[in-house]
Amino acid sequence: MTRKSLSLAAVAALSATLFLTSCGGAEEKTTDTVKEAVTEVKTEVKTEVTTDFSKGKLVYEKNCQVCHQADGKGLASTFPPLAGSDFLSNKEVMVNAIHKGLSGEITVNGVKYNTPMAALPGITDEETADVINYVYNTWGNAVGSITVDEVKAIKAKK
Ligand code: HEC
């Protein structure tokens with residue numbers, strides 16, 4: 001958060017510089033500098049989004065951990081694992097499991113489970129994206145990432 005605000009301040013400062021120097025004939029060079037800075041800022045923000053899972057961890061601890069456990073390994077034959085699960089890459093399944101629940105027999109890593117998971121309607125779209133990104137990138141998982149817009153689009157489907 002702080003880094004993002006700092007970066008935005010940097011862009012504002014550079015825009016101001018551009019404005020002030022634009023009458024002095026140094027436009028071209030300044031424009032390049034601003035473009036470089038903006039590219040840098042974009043890279044920085046992107047890195048931040050994909051490496052900070054602390055918000056998702058909190059959502060997980062509050063809403064998922066009781067069944068799927070802190071180590072993501074699940075519990076006995078009732079709660080399937082999220083750590084190393086071959087079930088995660090389908091984003092629609094992830095979002096729907098959280099917002100609509102999941103029931104019927106499923107096979108995770110070759111093991112069959114058949115206990116309904118109730119929907120968790122109190123979780124916001126932001127929290128949904130955060131918790132999925134946490135699950136996608138924790139316990140050795142490297143599944144990828146999901147945006148809030150993707151969550152919204154999946155929820156709007158049905
Ligand atoms: C009350 C217990 C409970 C809670 C809380 C819960 N789940 Fe589940 N979850 C289950 C059960 C049981 C299944 C298996 C459903 C079936 O057999 O069809 C499951 C299945 C899943 C699956 C698909 C199978 C797998 O292991 O990959 C995902 C993904 C999942 N849960 C994610 C979550 C996330 C994320 C949260 C928190 C936002 C959460 N669950 C909260 C009980 C729970």
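All ligand and atom numbering here is 1-based and tracks the order in the structure.
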> Hey, what do you get for NZ (Lys57) to CG (Asn137), rounding to the nearest 0.5 Å?
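Interatomic distance, Lys57 NZ to Asn137 CG, rounded to 0.5 Å: 14.5 Å.
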
> Which value, rounded to the nearest 0.5 Å, describes the distance between Leu82 atom CG and Trp139 atom CH2?
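If I round to the nearest 0.5 Å, the distance is 5.0 Å.
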
> How far does SG of Cys64 sit from CD1 of Ile132, to the nearest 0.5 angstrom?
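So the gap between those two atoms works out to 9.5 Å.
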
> What protein heavy atom sits nearest atom 16 (C) of ligand 1, and how far off is it?
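In this structure, atom 16 (C) of ligand 1 has Thr115 O, 3.1 Å as its nearest protein heavy atom.
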
> Could you list the atoms of ligand 1 found under 4.0 angstrom from a heavy atom of Thr78?
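Heavy-atom distances to Thr78 below 4.0 Å select 12 (C).
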
> Under 4.0 Å between a side-chain nitrogen and a carboxylate oxygen: does that hold for Glu92 and Lys157?
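Yes, Glu92 and Lys157 are salt-bridged.
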
> Run the numbers on Ile106 and Phe87 for side-chain contact (heavy atoms from CB on, under 4.5 Å), then give the verdict.
CA-CA 9 Å; Ile106 58 169; Phe87 216 84; 3.7 Å; yes

> Quick test: of every protein heavy atom, which one is nearest to atom 29 (C) of ligand 1, and how far off is it to 0.1 Å?
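Sorting protein heavy atoms by distance from atom 29 (C) of ligand 1 puts Met94 SD, 3.3 Å first.
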
> Select the closest option to atom 41 (C) of ligand 1 among Asn63, Leu75, Asp130, judged by heavy-atom distance.
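Of the listed residues, Asn63 has the closest heavy atom.
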
> Tell me which protein heavy atom sits closest to atom 23 (C) of ligand 1, plus the residue, atom name and distance to 0.1 Å.
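Nearest neighbour among protein heavy atoms for atom 23 (C) of ligand 1, to 0.1 Å: Phe87 CD2, 3.5 Å.
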
> At under 4.0 Å between heavy atoms, which part of Leu120 makes contact with ligand 1: side chain, backbone, both or neither?
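Side chain only; the backbone of Leu120 stays clear of ligand 1.
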
> Measuring from Thr128:OG1 to Asn63:CG, what's the distance to the nearest 0.5 Å?
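It is 9.0 Å, given to the nearest 0.5 Å.
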
> Can a donor-acceptor pair be found between the side chains of Thr147 and Asp149 at a distance below 3.5 Å?
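No pair is found: no donor N or O on one side chain lies under 3.5 Å from an acceptor on the other.
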
> Under 4.0 Å from a heavy atom of Tyr113: which atoms of ligand 1 are those, numbered in the order shown and with their elements?
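Result: 17 (O).
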
> Side-chain heavy atoms under 4.5 angstrom apart, residues restricted to Ile, Leu, Val, Met, Phe, Trp, Tyr: same cluster for Leu75 and Tyr60?
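Cluster IDs for Leu75 and Tyr60 differ.
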
> With a heavy-atom distance limit of 4.0 Å, tell me whether Leu88 approaches ligand 1 through its side chain, its backbone, both, or neither.
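Contact part for Leu88 vs ligand 1: side chain (C-beta onward).
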
> Hey, could you give me the CG/OG1 distance between Asp71 and Thr138, rounded to the nearest 0.5 Å?
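So the gap between those two atoms works out to 12.0 Å.
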
> Keeping to distances under 2.8 Å, can you name the protein N/O/S atoms close to atom 8 (Fe) of ligand 1?
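His68 NE2, Met117 SD, with waters left out.
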
> With a cut-off of 4.0 Å, which atoms of ligand 1 are near a heavy atom of Val108?
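Result: 24 (C), 25 (C).
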
> Within ligand 1, which atoms have a heavy atom of Ser103 less than 4.0 Å away?
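Per the distance check, 18 (O).
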
> If you have a sec, work out which protein heavy atom is nearest atom 18 (O) of ligand 1 and how many Å separate them, to one decimal?
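For atom 18 (O) of ligand 1, the nearest protein heavy atom is Gly104 O, 2.6 Å.
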
> Select the closest option to atom 26 (O) of ligand 1 among Pro81, Ser85, Ala118, judged by heavy-atom distance.
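Considering heavy atoms of Pro81, Ser85, Ala118, the nearest to atom 26 (O) of ligand 1 sits in Pro81.
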
> Could you walk me through whether Lys55 and Tyr134 pass side-chain contact (heavy atoms from CB on, under 4.5 Å), step by step?
CA-CA 8 Å; Lys55 278 192 288 174; Tyr134 173 71; over 6 Å; no

> Give, for atom CD of Glu126 and atom NZ of Lys152, the distance between the pair rounded to the nearest 0.5 Å.
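One finds 5.0 Å between CD of Glu126 and NZ of Lys152.
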
> Is there a continuous path of hydrophobic side-chain contacts, each under 4.5 Å between heavy atoms, that joins Val135 to Val66?
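Cluster IDs for Val135 and Val66 differ.
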
> Suppose I only count heavy atoms of Asn114 and a 4.0 Å limit; which atoms of ligand 1 are within that range?
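Once the distances to Asn114 are compared, the set is 17 (O).
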
